[in-house]
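All values reported here derive from a predicted model rather than from experimental measurement. Lettering follows sequence order; numbering is per chain, from 1.
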2 protein chains.
Amino acid sequence: MTEGEKNTATSLPSLESLVGESEALAAKGRFRGCHEHSIDSKGRVSIPSSFRSVLQSSGVLELVVTNYICDGARCLEAYPLPVWESLELKISKLSSFDPRLKSLENYYFSRAASCPVDKAGRILIPANLRNYSGLQSQISFTAGISGFRIWDTRVWEHVFREAETRLLENPDLFSGLDLTSDRHR
Amino acid sequence: MTEGEKNTATSLPSLESLVGESEALAAKGRFRGCHEHSIDSKGRVSIPSSFRSVLQSSGVLELVVTNYICDGARCLEAYPLPVWESLELKISKLSSFDPRLKSLENYYFSRAASCPVDKAGRILIPANLRNYSGLQSQISFTAGISGFRIWDTRVWEHVFREAETRLLENPDLFSGLDLTSDRHR
DNA sequence: CTGTCAAACCATTTTATCCCACTTTGCACC
DNA sequence: GGTGCAAAGTGGGATAAAATGGTTTGACAG
């Protein structure tokens, strides 16, 4: 499989699961919504202004971007630096003697790039990450709990449609989960 | 299936099932009724004033709007911010390492948009959500337990008529449901 | 020495937000 | 019923902010 090609594998475990609620951007608002921007020939993209205000309100001017696979498709994941750091800390403790975690470490951490937000509100996405996720001209930002994802818009639209279909065809995805637990309080 | 097109599949389980009774707008009144408004070229819609008073009495000036499919038709679902937050919290705990939940996350949460109510009592519905639900000129608001739904009026009328027909053809549809016990006492 | 790439700067276009004004509806009171 | 007032709903334009494109400067590697 060449870089940028669609990947048919399932999802990777979410990095977000490693981020405790306490480390998440505390009470400063959350990243929300899906925003489409364009990427220029140099690899620069504007961060959606609503995402920027979340960052600014916690005094963070720097993101960490790394590769990710979500629902079978390659994309990027971006975290505010402090969130990423707490993530690193956890992984470093976990991976001490467990060889299985080495691939996790290699995949997530080896290419994680530090991306400062410039004066115009943009970041530069390194070429290897751009190629990996197939970023061409139209880019979509989608909100996550403690960070956000960056997709080529075509890929994202496909993933979204697939997700819709999967949920319609398989409502059991919900019923198997105990989402209503606190109803019985 | 392109955006805005009718979807013929069945319903998704209601997001409302994820919201515990305790988190629902406590004793501040409920959203009730069906209200028709118009949407302007910029995507602005007035929130029905009765819905607004429910919001104001609990001090909430912000809604979160996301895509949804109800009875086979695309629409939007809107929640007061605090209700939505409790929902996010649950998902973030659940989604830890279950890849199947990626679809749920991608469909429900990734596009959920923060929509502050402006001075004139309106919200701006982002273009992607407008397209998704086919909002054109006439919009219908229908009440839910802890939030409400937003439809293109044509779609809503169709859904309502279909529901009526289904009940007429099958009057026993509800006979298995226990609607008479008062669980919440 | 040269070529490449990234950072900083600046300029232009596009978009969104706020504000005000108008129309319509509903309600109380005459 | 009618009349007047207040609230709700609607539309558009001005202004600020966001998004994008290009050029120059500087660092580093070949």
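- Exactly one of B:Leu129, B:Asp152, B:Ile139 qualifies for a side chain to side chain contact (heavy atoms under 4.5 Å, CB included) with B:Leu76. That residue is B:Leu129.
- Both the sub-6.0 Å distance and the 45° axial angle are not jointly satisfied by B:Arg149 relative to the ring of B:Phe141.
- Separating the CD1 atom of A:Ile125 from the P atom of D:dT20 is a distance of 12 Å, rounded to the nearest angstrom.
- A 4.5 Å side-chain heavy-atom check between A:Arg52 and A:Val117 finds at least one atom pair inside the cut-off.
- Under 4.0 angstrom from either OP1 or OP2 of C:dC18 there lies no side-chain N or O belonging to B:Lys119.
- A:Leu63 pairs with exactly one of A:Ile125, A:Ile150, A:Leu55 by the side chain to side chain contact (heavy atoms under 4.5 Å, CB included) rule, that one being A:Leu55.
- Place A:Pro126 and B:Asp118 on DNA chain C by their nearest nucleotides, and A:Pro126 ends up nearer the 5' end.
- Ion pair B:Arg44/B:Asp118 not flagged as a salt bridge, since none of the NZ, NE, NH1 or NH2 atoms sits closer than 4.0 Å to an Asp/Glu carboxylate oxygen.
- Formation of a donor-acceptor pair under 3.5 Å by the B:Ser114 side chain with backbone atoms of B:Val64 is not found in this model.
- The CG atom of A:Leu124 sits 14 Å away from the C1' atom of C:dT4 (whole-angstrom rounding).
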(message) So if I define the base as every atom that isn't primed, P, OP1 or OP2, how would nucleotides 7-12 of chain D read as a B/S/- string at a heavy-atom cutoff under 4.0 Å?
(response) -SSBBB
